[in-house]
Trainee: 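Below are the structure tokens for one structure; questions will follow.
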Amino acid sequence: MANANMLWSSAKILGFPSPIASNVRWASSSNANSVCNGKQYLVLSDEELMKQCEMGTFKASGPGGQHRNKRESAVRLKHIPTGIIAQAVEDRSQHKNRSSALARLRALLALKVRNPVDLEDYSPPPELLQILPLKSTVRPPECGPQIGPNNSKFLPGMQALLDLISTLDGSVSDTAKLLGLTTGALSRLILSDDALRMAVNDIRMSKGLKPLK
């Protein structure tokens, strides 16, 4: 499983590459209007998540030579409930590109879809506790080893962390207090993954705060 940073970079959040073909072919699902909250998106099976997407195929530009451009093997997925788009162009196999695009879509859903957090008597959810450093005072021993970005279970925990930071208006210090960590320890967790760092900084800058470095 690729880590969140790789998925963020591969999806090219800051500007998707344009296909050579001007007519992207879309396939819509009859169940595309299914509604979930942000947390539920991440636990859907590939088949269930695909039912919420429109899939477009196109001829990819870039490296790969003439064989790459002969078939519409590149895949772009549009998640109907959120409007988030993920794509994969690097393989000649449309099936493999579809799988890669789905993985990138999951990462984007974790990074970009926020869920409300009730701060009254707040208790971190299990998925968040699993990605916290062992030094956290609210992390029970039964959580086991800390989960890192290379683990597929990191995405739900990352989403929960971003939800909390967003609810606290980007304050890392206030978030750290609720998670039983020092500000420095939480900052190191955030800075350990580029995708997480970028998402936190987006939240902070939207609130007029300086980005973490």
Side-chain angles (χ1 to χ4, degrees), residues 1-62 71-118 125 127-128 149 152-167 193 195-196 198-203 206:
M1 170 67 70
N3 65 28
N5 177 39
M6 290 174 62
L7 294 174
W8 176 284
S9 299
S10 300
K12 298 184 184 299
I13 302 300
L14 299 179
F16 288 97
S18 300
I20 290 177
S22 60
N23 55 330
V24 176
R25 299 180 180 178
W26 293 98
S28 301
S29 166
S30 59
N31 294 323
N33 291 325
S34 301
V35 177
C36 297
N37 63 37
K39 294 181 180 180
Q40 291 173 327
Y41 294 141
L42 299 185
V43 298
L44 294 175
S45 67
D46 285 352
E47 291 74 17
E48 291 169 333
L49 187 57
M50 275 299 299
K51 289 179 180 179
Q52 297 186 340
C53 296
E54 288 180 343
M55 187 180 86
T57 60
F58 59 93
K59 297 176 184 177
S61 60
R71 300 179 61 186
E72 294 188 345
S73 60
V75 172
R76 179 179 294 147
L77 298 178
K78 180 178 181 180
H79 187 239
I80 302 302
T82 62
I84 292 173
I85 295 175
Q87 69 180 31
V89 303
E90 59 269 25
D91 204 282
R92 294 184 189 177
S93 166
Q94 185 180 115
H95 178 75
K96 290 181 179 179
N97 282 334
R98 175 183 176 273
S99 179
S100 296
L102 269 175
R104 291 165 187 168
L105 178 60
R106 290 185 187 279
L108 290 173
L109 288 169
L111 290 162
K112 299 175 77 67
V113 177
R114 300 281 61 82
N115 302 287
V117 175
D118 185 359
E127 62 268 23
L128 175 51
S152 61
K153 294 181 179 179
F154 185 79
L155 290 180
M158 180 174 66
Q159 184 184 57
L161 176 58
L162 290 168
D163 291 340
L164 183 57
I165 292 174
S166 178
T167 302
D193 183 83
L196 177 56
M198 291 170 67
V200 169
N201 283 341
D202 283 346
I203 294 171
S206 72

Trainee: Which is it for M158 and L155 under the side-chain contact (heavy atoms from CB on, under 4.5 Å) test, yes or no, and what are the steps along the way?
Mentor: CA-CA 5 Å; M158 180 174 66; L155 290 180; 3.6 Å; yes
Trainee: Give me the atom names and distance for the closest heavy-atom approach of L49 to Y41.
Mentor: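 For L49 versus Y41, the nearest heavy atoms are CD1-O, 4.4 Å.
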Trainee: If every non-hydrogen atom of S73 is compared with every non-hydrogen atom of R92, which pair is closest and at what distance?
Mentor: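 Nearest heavy atoms, S73 then R92: CB-O, 3.0 Å.
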Trainee: Go through K112 and H79 one step at a time and tell me if the side-chain contact (heavy atoms from CB on, under 4.5 Å) criterion holds.
Mentor: CA-CA 12 Å; K112 299 175 77 67; H79 187 239; over 6 Å; no
Trainee: Can you name the closest pair of heavy atoms from A88 and A101 and give their distance?
Mentor: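 Here A88 and A101 meet closest at CB-N, 3.8 Å.
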Trainee: Of L105, T82, L44, L77, which meets side-chain contact (heavy atoms from CB on, under 4.5 Å) against Q52?
Mentor: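 Passing option: L44.
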Trainee: Roughly how far, to the nearest 0.5 Å, is CE of M198 from CG of D193?
Mentor: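 D193 atom CG to M198 atom CE measures 10.5 Å (nearest 0.5 Å).
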Trainee: Do the side chain of D91 and the main chain of N97 share a donor and acceptor less than 3.5 angstrom apart?
Mentor: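 No; judged by distance alone, with no hydrogens or angles, the pair does not exist.
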Trainee: Distance from N201 atom CG to I165 atom CD1, nearest 0.5 Å?
Mentor: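 So the CG of N201 and the CD1 of I165 are separated by 10.0 Å.
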Trainee: Which heavy atom of L111 sits nearest a heavy atom of L196, and at what distance?
Mentor: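 L111 and L196 have their closest heavy atoms at CD2-N, 4.4 Å.
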Trainee: Closest heavy-atom contact between A74 and V89?
Mentor: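 The answer is CB-CG1, 3.8 Å.
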Trainee: Search all heavy atoms of K39 against all heavy atoms of Q159 and return the closest pair with its distance.
Mentor: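 So the two residues come closest at CA-OE1, 3.5 Å.
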Trainee: With sequence neighbours left out, what residues match D163 under side-chain hydrogen bond (donor to acceptor under 3.5 Å, both in side chains)?
Mentor: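 By the side-chain hydrogen bond (donor to acceptor under 3.5 Å, both in side chains) rule, D163 matches R114, N115.
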Trainee: Could you give the distance from OG (S100) to NE2 (H95), rounded to the nearest 0.5 Å?
Mentor: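 Going from the OG atom of S100 to the NE2 atom of H95 covers 10.0 Å.
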Trainee: Taking the basic N atoms (NZ, or NE/NH1/NH2) and the acidic carboxylate oxygens, is any pair closer than 4.0 Å for R106 and D46?
Mentor: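 Salt bridge flag = yes for D46 with R106.
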Trainee: Could you state the interatomic distance from CG (L102) to CD (E47), rounded to the nearest 0.5 Å?
Mentor: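 These two atoms lie 9.0 Å from each other.
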Trainee: Nearest 0.5 angstrom please: S45 OG to M50 CE, how far?
Mentor: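 The OG atom of S45 sits 11.0 Å away from the CE atom of M50.
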